[in-house]
Amino acid sequence: MRSETLSVPGATLYYEVRGAGPLLLLIPGGGGDAGVFDDMADVLAQNFTVAALDPRGYSRSALDGGTPATQHVAVQSDDAYRLLAHLSDGPAFVCGTSSGAIVGLDLLAHHPDRVRSLVAHEPPCFAVLPDAAVHRAMVDEVYTIFQQEGAAAAGARFLAGIGPAAMKPAPEVSQLPPRAAEMWVRLAANGPLMIEHELREFTSYVPDYAAVARVRDRLVLAVGQQTRGCLPYRPAVEIASRVGLEVVEFPGAHNGIRTDADEFAQQLIRILSPR
């Protein structure tokens, strides 16, 4: 594996590359970084050149000003476009999870020439749902709790809001190998930034249905087998119905890319290889 950086407007992106074969870009969810894909990427690297990035403002991807700022879908989408253009002359496979799936949807809508196929795993586009106002109120409450009581209380309210079964428990950091333990330290620092600067913006995102529908043959809307009945499952189903697709279930819950990494990667290989 090699790690490199790329200068983009307003930031310097950190990314990691491993494996050989067609390019596959992995985009983590809110507050995540390239490290969340480690176990999955090791499996995928047998079939693909796997690139994974830290989104701007998180972990090792520094903002030019050094001061945390509101995250915007269009900006992160442009970052992904610039990274793809830097790594390849042609279209690439893309897999985004959670907020990374939202970035992928925006990338597909605005730069379809760069996307060979997109797997968008549980994009939390709560704004597309018929009861969007309820979930917007929940997100606003999470933000208020964050301001008044801190990240731990806000995170607990958010987990309750999306459903207790939506996320499998995090590991005991003290029992992890050094690289994984270092990642969890970074994620702990990223969490408050995500709640303050990203959560409200990204959950309010509505895809460009017309643009996505024109290239729906390149889109797979993925959901977790164990997320059924929970909030993160629903937006993908709604988006799929709007563009004339069916959702595809992947192993695990909303954090299946980590907790069920091997099975998730094998499912991804099965879906992308024929494409």
Which residues share a salt bridge (charged side-chain N to carboxylate O under 4.0 Å, His left out) with D38, sequence neighbours left out: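 With sequence neighbours excluded, D38 shows a salt bridge (charged side-chain N to carboxylate O under 4.0 Å, His left out) to R18, R179, given in chain and number order.
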
Joint cluster assignment, [X] & [Y], ILVMFWY side-chain distance < 4.5 Å:
| X | Y | value |
| --- | --- | --- |
| V220 | L108 | no |
| V50 | V115 | no |
| L24 | L105 | no |

Quick one: does [X]'s side chain have a donor or acceptor within less than 3.5 Å of a partner on [Y]'s backbone?
| X | Y | value |
| --- | --- | --- |
| S77 | V73 | no |
| D208 | A211 | yes |
| N255 | K168 | yes |
| T203 | L199 | yes |
| H110 | D106 | yes |
| T49 | G21 | yes |

Test: [X] and [Y] ion pair at under 4.0 Å:
| X | Y | result |
| --- | --- | --- |
| D64 | R56 | no |
| R186 | D54 | no |
| E16 | R2 | no |

Cut-off 3.5 Å, side chains only: do [X] and [Y] have a donor facing an acceptor?
| X | Y | answer |
| --- | --- | --- |
| S98 | H121 | no |
| Y233 | E249 | yes |
| H197 | Q71 | no |
| E201 | T70 | no |

Separation of [Y] [atom2] from [X] [atom1] (nearest 0.5 Å):
| X | Y | atom1 | atom2 | result |
| --- | --- | --- | --- | --- |
| S59 | M183 | OG | CE | 9.0 Å |
| R136 | D131 | CZ | CG | 14.5 Å |
| N190 | E198 | CG | CD | 10.0 Å |
| R114 | L107 | CZ | CG | 10.0 Å |
| R258 | D39 | CZ | CG | 9.5 Å |

Verdict with reasoning, I102 to C125, per side-chain contact (heavy atoms from CB on, under 4.5 Å): CA-CA 7 Å; I102 294 177; C125 303; 3.6 Å; yes

Test side-chain hydrogen bond (donor to acceptor under 3.5 Å, both in side chains) applied to E122 and T97, step by step: CA-CA 6 Å; E122 296 197 336; T97 185; over 6 Å; no

With a 4.5 Å cut-off on side-chain heavy atoms, are [Y] and [X] touching?
| X | Y | result |
| --- | --- | --- |
| P207 | I239 | yes |
| V206 | F126 | no |
| L268 | V43 | no |
| M167 | P232 | no |

Verdict with reasoning, D33 to L53, per side-chain contact (heavy atoms from CB on, under 4.5 Å): CA-CA 6 Å; D33 67 23; L53 81 159; over 6 Å; no

By side-chain hydrogen bond (donor to acceptor under 3.5 Å, both in side chains) - contacts of R242 (at least two apart):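 With neighbours one apart ignored, the set is E238.
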
More than 12 heavy atoms from other groups under 6.0 Å of CZ on R216: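 Incorrect, the count does not exceed 12.
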
Whether over 12 other heavy atoms sit under 6.0 Å from E246 CD: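 No, because the 6.0 Å sphere around CD of E246 holds 12 heavy atoms or fewer from other groups.
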
side-chain contact (heavy atoms from CB on, under 4.5 Å) evaluation trace for E263 with Q267: CA-CA 6 Å; E263 296 84 357; Q267 171 79 322; over 6 Å; no

H72 ring center within less than 6.0 Å of F202 ring center: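 No, the ring centres sit 6.0 Å or more apart.
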
Sequence neighbours excluded - ring pair (Phe, Tyr, Trp, His ring centres under 6.0 Å) pairs with any residue from residues 7-52: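 Those involving residues 7-52 are F48-F93.
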
Derivation of the side-chain contact (heavy atoms from CB on, under 4.5 Å) call for L13 and T5: CA-CA 5 Å; L13 300 179; T5 59; over 6 Å; no

Face-on cation placement of R200 at Y143 ring, 6.0 Å and 45° thresholds: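 Ring-cation test returns yes.
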
Where G161 and L231 come nearest, the two heavy atoms and their spacing: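 Here G161 and L231 meet closest at O-CD2, 4.0 Å.
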
Atom of I195, atom of G155 and distance for their closest heavy-atom approach: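 Taking I195 first and G155 second, the nearest heavy atoms are CD1-N, 4.3 Å.
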
